[in-house]
Amino acid sequence: MEKFIVTGGVQLNGCVQVSGAKNAALPIMAATLLSHGLTVLHDVPELRDIAMMQNIMKLLGASVVREGHTLVIDTVAVTGTDIPEALMREMRASVFLLGPLLGRFHQVRLSYPGGCAIGPRPINLHIKALEKLGAHIKEGSGYIDAEAKKLVGNEITFDFPSVGATENAMMAAVLAEGTTVIRNAAREPEIVDLQNFFNSMGGRVGGAGTDCIFIRGVKSLHSTEYQIMPDRIEAGTLLIATAMTGGNVIIGNINHACLFSVMDKLQEIGSVIECRGNAIRIKAENLRRGVDIKTLPYPGFPTDLQAPMLSLLTIAKGTSIISETIFENRFKHVDELTRMGAKIKVEGRTAVIRGVDALSGTCVAAPDLRAGGALVLAGLVAAGTTIVDEVYHIDRGYERLEEKLNSLGAIILRK
Ligand code: UD1
């Protein structure tokens, strides 16, 4: 298994470009299954989760060709609607296939999805939404069987604004008969990207980015060429890394409107942030102040940046409190950071962090994707060397994180 060997005590300086967003690319790739034409997607990051989605789509009969960061996807010959358990288990995002396969073939069989172990991650909201559109869904012995004579638009009101369930509902509704209204929809920017993608291929979707999305069903979707939005979580991670190391970095290919909650906290901590077009300059001070953070659905502070931010707060002055309200089991990095000298107490979904002067390098293992990123960041500021094991978690969602950080002056070896 590959590891990162991180040399501590560096300062990040220079310019770096953010990749396309994993969490936008995955549902958009799944949505291409609804099209009867060719889709060209630009800025698709090279990640394990994306490769996994490519494999599933090929197995269903699609042709998926990668040329650099461009994917050319032809789903005309797709006939498969049954996804093997081994592939489903690899990745949570495989649940996105429910909506499009139901929308196009009116049937689908898949096992419960896998992914990061950050909580139970049920799919009741996905199922409720699809049932509202006319699907009959049977669950049993780890499998979900869904079928529908036809899908018909309806009103869907979510109890909680789930990102994945909102996207699945949109994907099932886009070819359904009549109009669908999704209330208490998630407002994440990746949902706006999915809406824009559909509209570029002849869909009629509006309201994404608000809590009410309208979808007028169309008969078919045509070929399109589309550019995936920049990854706001990768951008946030690079901002936090710079703030941690007291550096001065320009991060390009950013939509800063998606990062207000993160920039706000970094300013409170003491960083100076300047937005210029599609770039952000962050100039960090060596003195960092502790802050309190509560993760929330967008536009609140993103749960995916909780772990990197917690890493930063381990070396901030004073006491900080982080409340994780989205996922139940998202403090797995705490034990590893404690082994590096951090002072953190977790009670339920709250972590109390008492800032220390320095962390010290040791051997740690990435417990999940974002927690893994957080440990790499801790390694950048720790005294000595930090070995981060099980980097395959990190490769699921950060495109060559070590190369990006090394281009800014970090010293990280992949072995
Ligand atoms: C997506 C993102 C993930 C991010 C999360 C929250 C992708 C591929 N992943 O995950 O990186 O951390 O949004 O911003 O885009 N829930 C239910 N029932 C459901 C669905 C969800 O109870 O049917 C709960 C979950 O257990 C969790 C909360 O809702 O506690 C949020 O989940 P959701 O918004 O659905 O996240 P994902 O779409 O899985």
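Order of listing sets the numbers, starting from 1, for every ligand and every atom in it.
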For this session: Number the atoms of ligand 1 from 1 as they appear, then name those within less than 4.0 Å of a heavy atom of Gly164, with their elements.
Result: 35 (O), 38 (O)
For this session: Within a distance under 4.0 Å of any heavy atom of Arg330, pick out the atoms of ligand 1 and give their elements.
Result: 12 (O)
Problem set entry | Atoms in ligand 1 with a heavy atom of Thr303 nearer than 4.0 Å | 6 (C), 12 (O), 14 (O)
Problem set entry | For ligand 1, the portion of Val163 having any non-hydrogen atom under 4.0 Å away | both
Problem set entry | Lys/Arg-Asp/Glu bridge criterion (N-O < 4.0 Å) met for Arg48, Asp395 | no
For this session: Measure Asp304 to ligand 1 on non-hydrogen atoms and call it side chain, backbone, both or neither using the 4.0 Å cut-off.
Result: side chain
Problem set entry | Over-ring placement of Arg370 relative to Tyr398, 6.0 Å and 45° cut-offs | yes
For this session: For Phe160, take its heavy atoms, then give the atoms of ligand 1 lying under 4.0 Å from any of them.
Result: 28 (C), 29 (O), 31 (C)
Exercise. Does some non-hydrogen atom of Glu190 fall short of 4.0 Å from ligand 1?
Worked result: no
Exercise. Got a sec, which residues hit salt bridge (Lys or Arg N to Asp or Glu O under 4.0 Å) with Arg66, two or more places apart in sequence or on another chain?
Worked result: none
For this session: Show which atoms of ligand 1 fall inside a sub-4.0 Å distance from at least one heavy-atom site of Ile326.
Result: 27 (C), 28 (C), 30 (O), 31 (C)
Exercise. Without hydrogens or angle criteria, can the side chains of Thr295 and Glu324 be said to hold a donor-acceptor pair below 3.5 Å?
Worked result: yes
Seminar exercise, completed: One finds that the ligand 1 atoms under 4.0 Å from a non-hydrogen atom of Ile123 are 19 (C), 23 (O)
Exercise. Under 3.5 Å, N or O to N or O, is Leu26 touching ligand 1 that way?
Worked result: no
Seminar exercise, completed: Note: ligand 1 atoms sitting under 4.0 Å from heavy atoms of Asn23 are 2 (C), 3 (C), 7 (C), 8 (C), 9 (N), 11 (O), 15 (O)
Exercise. Roughly how far, to the nearest 0.5 Å, is the CD1 atom of Ile137 from the CD1 atom of Ile144?
Worked result: 7.5 Å
Exercise. Are side-chain N/O atoms of Thr32 and Thr75 paired as donor and acceptor at under 3.5 Å?
Worked result: no
Problem set entry | Value rounded to 0.5 Å, distance of CD in Glu347 from NZ in Lys345 | 5.0 Å
Problem set entry | Short N or O distance, Asn124 and ligand 1, threshold 3.5 Å exclusive | yes
For this session: Just say parallel, tilted or perpendicular for the rings of Phe260 and His256, cut-offs at 30° and 60°.
Result: perpendicular
Exercise. Ligand 1 versus Ser162, non-hydrogen atoms closer than 4.0 Å: side chain, backbone, both, neither?
Worked result: both
Problem set entry | Atoms in ligand 1 with a heavy atom of Pro122 nearer than 4.0 Å | 17 (C), 18 (N), 19 (C), 20 (C), 21 (C), 22 (O), 23 (O), 26 (O)
For this session: Measure from the side-chain N and O atoms of Asn184 to the backbone N and O of Phe158, and report whether any donor-acceptor pair falls under 3.5 Å.
Result: yes
